[in-house]
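In the text below, chain A, chain B and the rest are named by the order of the sequence lines, each starting its count at 1.
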There are 2 protein chains.
Amino acid sequence: MDADPDLFKAIGDATRRVILDELTEKDGQTLFEICGRLTMKHGLGSSRQAISQHLAVLEQAGLVHTRRQGRYKFHHIDTSPLRSIVERWPIHGEAPNP
Amino acid sequence: MDADPDLFKAIGDATRRVILDELTEKDGQTLFEICGRLTMKHGLGSSRQAISQHLAVLEQAGLVHTRRQGRYKFHHIDTSPLRSIVERWPIHGEAPNP
DNA sequence: TTGACAGGCAAGTCCCCACTTGCCTATAAC
DNA sequence: GTTATAGGCAAGTGGGGACTTGCCTGTCAA
């Protein structure tokens, strides 16, 4: 029906959006690091497995890329898939040039 | 938790995205007009009530504005709420200037 | 005024998805 | 080797949302 449903599904969840906020503020965090931050700063008592599943959805949507290193797995944000949204439905009066 | 969950909920559904596509192609359609187009061009056999509920969600998200005229109700798309998405998670290397 | 047309409202059903629970694998420190 | 740490896998559960069904309101033409 349409191009990438995974993208919209990914940003459709509030917890995943907060995860993207976290990775925007500090890129390349591990799973436990993200868990800790969500609990501390945002007060959401999500379990580790919940966050792990969220990250899997974000990765499938191409919004997060992972990099393994030893027993750590670092998560990097990639916002480029979001471009397809504003390309699909052009925003009237876009991009105030700097 | 975050600003406007209604926006993400609105674009989270595939049928609603097709409705936005329809209104992008031809703005100011009525409910029955949209129903007909979705059935013809996209082959989705959604009922009138279903589309009506979808339009309500889109309107609540600010993506669609309505204008009554007699017994008709015209639906107009407004993509400006989408701007908050790319502002929240800036896209690296944005806006290729024309 | 009667009928057709455009749309609204509300209750009910069904299914997807977020989250949990429990256990397992692998890397690193001791 | 043993223990702790970082993460993965799979089945089960519960709630929200998409969709239906049925009926009602308002507008226009005959």
Identify, with sequence neighbours excluded, every residue that meets side chain to side chain donor-acceptor pair (under 3.5 Å) alongside B:K26. B:E33
In whole angstrom, give the distance that lies between atom CG of A:L55 and atom P of D:dG7. 10 Å
Within the structure, does a side-chain N or O atom of A:S47 lie under 4.0 Å from either OP1 or OP2 of C:dC19? no
Spacing between A:R17 atom CZ and C:dA18 atom C1', to the nearest angstrom: 14 Å
Quickly work out the B:D13 CG to C:dC17 P distance and round it to whole Å. 11 Å
With the sugar-phosphate defined as primed atoms, P, OP1 and OP2, and the base as all remaining atoms, what B/S/- string results for nucleotides 3-16 of chain C, 5' to 3', for protein heavy atoms under 4.0 Å? --BSBBB-------
Check step by step if side-chain contact (heavy atoms from CB on, under 4.5 Å) holds for B:L20 and A:R88. CA-CA 9 Å; B:L20 290 180; A:R88 182 169 180 179; over 6 Å; no
Residue set satisfying side chain to side chain donor-acceptor pair (under 3.5 Å) with A:Q69, at least two apart, ordered chain then number -> A:R67
Looking at residues at least two apart in the chain, or sitting in another chain, which of them share a salt bridge (Lys or Arg N to Asp or Glu O under 4.0 Å) with B:R17? A:D2
For A:Q69 and A:A50, find the nucleotide of DNA chain C closest to each by heavy atoms; which residue's nucleotide sits nearer the 5' end? A:A50
Tell me every residue that passes side chain to side chain donor-acceptor pair (under 3.5 Å) with A:D4, counting only those two or more places apart in sequence or in another chain. none
Could you pull out all residues at least two apart from B:S80 that satisfy side chain to side chain donor-acceptor pair (under 3.5 Å)? B:D78
Helical bend (five base pairs per end, nearest 10°) for the helix from C:dT1-D:dA30 to C:dC30-D:dG1: 20°
Could you state the atom-to-atom distance from CD of A:Q60 to C1' of C:dA18 in whole Å? 15 Å
Inter- and intrachain pairs under salt bridge (Lys or Arg N to Asp or Glu O under 4.0 Å), touching residues 53-64 of chain A, at least two apart: none
Sort and list the pairs that fulfil salt bridge (Lys or Arg N to Asp or Glu O under 4.0 Å) and have at least one residue in residues 38-47 of chain A, not counting sequence neighbours. A:E22-A:K41, A:E25-A:K41
Under-4.0 Å side-chain N/O to phosphate OP1/OP2 contact, B:H54 with D:dC19: yes
